[in-house]
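One structure below.
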Amino acid sequence: GSVGGPSSAGRDSPISGILPNGTPVSLHIPAGAFASETAIAISSSIVNSCAQSAIPLVAVDIWTDNDAQPQVPVTLTLNYNDTAAATITPNISKLTMSRYNTVSGDCLPLDTRVDPGPRTITARLNHFSRFQLVVRSVPGDLSGVRIYPNPFYANRGQGFVTINNVPAGTEAVIYTLSGDKVWEGTAGSAGMMTWDATNSSGVLVASGIYLAALDSTGGKKVFKIAVER
């Protein structure tokens, strides 16, 4: 069993319903996410791909006709029940939805908001696959920073660049090679942040190499990010 529906190329498309395991789910697909009407299905998963034991298994699979992928980020929202809240609530500051990469076996964290009031989990997705709620261990330094995708292809539907595995509160400033500041952000309690390759005015940056200067309680480092339009 699954929840499904069509997207529309010309308007926002909501898909919502209740999964067979009783979980309410909704997917908001912006106009232009797909070039033509595309069938999308969401199903609950019983596979613990990310090997979580501290919280209940919250996992879904999302797929489309011919494995079509969104060209702009879409928003997934799941509700959780009273029983799940007993272990989710104490871990809220460390929770993210993660995308399971079926090729590498990695669980890649996503920009996530967990709201204990309505008991919702909301995440931005830039690729459809299996998604699972995970508890993240945030590092104390910058030795394991991951930035992906890098290079970032702005016109291939990748949506945003993720700067991951940094201490909570890490500040990032992104510059051009000539030293002009284009963006700044701060990592949340889950140790990650996302950049959509736009400047402070919301305009997509030009193709080129950018410098991401990270400043954290565990040190400072500079990384290169390649952007291609």
Side-chain angles (χ1 to χ4, degrees), residues 1-3 16-27 42-63 73-148 160-170 172 185-194 214 216-219:
S2 61
V3 170
S16 62
I18 298 178
L19 297 171
N21 64 0
T23 300
V25 61
S26 65
L27 193 67
I42 312 162
S43 67
S44 53
S45 175
I46 59 172
V47 182
N48 189 0
S49 300
C50 299
Q52 294 293 295
S53 59
I55 55 174
L57 178 63
V58 179
V60 295
D61 293 322
I62 304 178
W63 69 96
V74 303
T75 303
L76 170 70
T77 301
L78 296 166
N79 287 81
Y80 57 94
N81 59 26
D82 294 349
T83 301
T87 47
I88 286 178
T89 300
N91 289 291
I92 277 181
S93 64
K94 299 181 289 185
L95 295 177
T96 68
M97 287 297 287
S98 290
R99 175 170 64 85
Y100 178 66
N101 187 318
T102 57
V103 177
S104 67
D106 290 336
C107 285
L108 306 174
L110 300 162
D111 189 10
T112 305
R113 183 177 71 257
V114 182
D115 191 336
R119 293 183 177 162
T120 57
I121 303 162
T122 304
R124 282 204 313 158
L125 319 180
N126 59 353
H127 189 91
F128 288 160
S129 181
R130 173 170 298 147
F131 301 91
Q132 183 174 346
L133 188 66
V134 303
V135 177
R136 287 178 43 77
S137 297
V138 179
D141 57 37
L142 298 172
S143 60
V145 174
R146 296 185 64 189
I147 299 177
Y148 54 87
F160 46 82
V161 177
T162 298
I163 302 174
N164 179 33
N165 212 33
V166 300
T170 295
T186 303
S189 56
M192 61 167 289
M193 64 190 99
T194 59
L214 304 186
S216 75
T217 54

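Small disclaimer: the values here were computed from a predicted structure and weren't measured.
- The side chain to side chain contact (heavy atoms under 4.5 Å, CB included) check on Ser45 picks up Val47, Ala59, Asp61, Arg130, with sequence neighbours excluded.
- When all heavy atoms are compared, the tightest approach of Pro167 to Leu142 is CD-CD2, 3.6 Å.
- Pro109 is listed as a side-chain neighbour of Arg136, based on a closest heavy-atom distance under 4.5 Å.
- Considering all non-hydrogen atoms of both residues, Asp115 and Tyr80 come closest at O-OH, 3.7 Å.
- Between Pro56 and Ile88 the shortest side-chain heavy-atom distance falls below 4.5 Å.
- Residue Ala54 comes nearest to Asn91 through the heavy atom pair O-ND2, 4.4 Å, listed as atom of the first residue, atom of the second, then distance.
- Without hydrogens or angle criteria, Gln52 side chain to Val135 main chain gives a donor-acceptor distance under 3.5 Å.
- Residue Ile121 holds its CD1 atom at 9.0 Å from CG of Leu76, rounded to the nearest 0.5 Å.
- To the nearest 0.5 Å, atom CZ of residue Phe131 and atom CG of residue Leu108 are 10.0 Å apart.
- Atom CZ of Arg113 has 12 or fewer heavy atoms from other residues, nucleotides or ligands within 6.0 Å.
- Of the options Asn165, Val145, Thr217, Leu214, a side-chain contact (heavy atoms from CB on, under 4.5 Å) to Thr170 is made by Leu214 and by none of the others.
- Between Leu125 and Ile62, the shortest heavy-atom distance links the atoms CD1-CD1, 3.7 Å.
- Between the OG1 atom of Thr75 and the CG atom of Leu27 there is a distance of 8.0 Å, given to the nearest 0.5 Å.
- Ile46 CD1 to Asn21 CG: the interatomic distance, rounded to the nearest 0.5 Å, is 10.5 Å.
- For the atom pair Gln132 CD and Ser49 OG, the distance stands at 6.0 Å (nearest 0.5 Å).
- In this structure, Val134 and Thr96 have side chains that are in contact, with non-hydrogen atoms separated by less than 4.5 Å.
- To the nearest 0.5 angstrom, Tyr100 atom OH is 11.0 Å from Asn48 atom CG.
- Not one N or O on the side chain of Ser129 forms a donor-acceptor pair closer than 3.5 Å with the backbone of Arg99.
- Nearest heavy-atom pair across Ile92 and Pro116 is CD1-CB, 3.7 Å.
- Thr162 contributes no side-chain N or O that, together with a main-chain N or O of Asn164, makes up a donor-acceptor pair within less than 3.5 Å.
- Scanning all heavy atoms of the two residues, the minimum distance from Ser44 to Pro20 falls at OG-CD, 4.2 Å.
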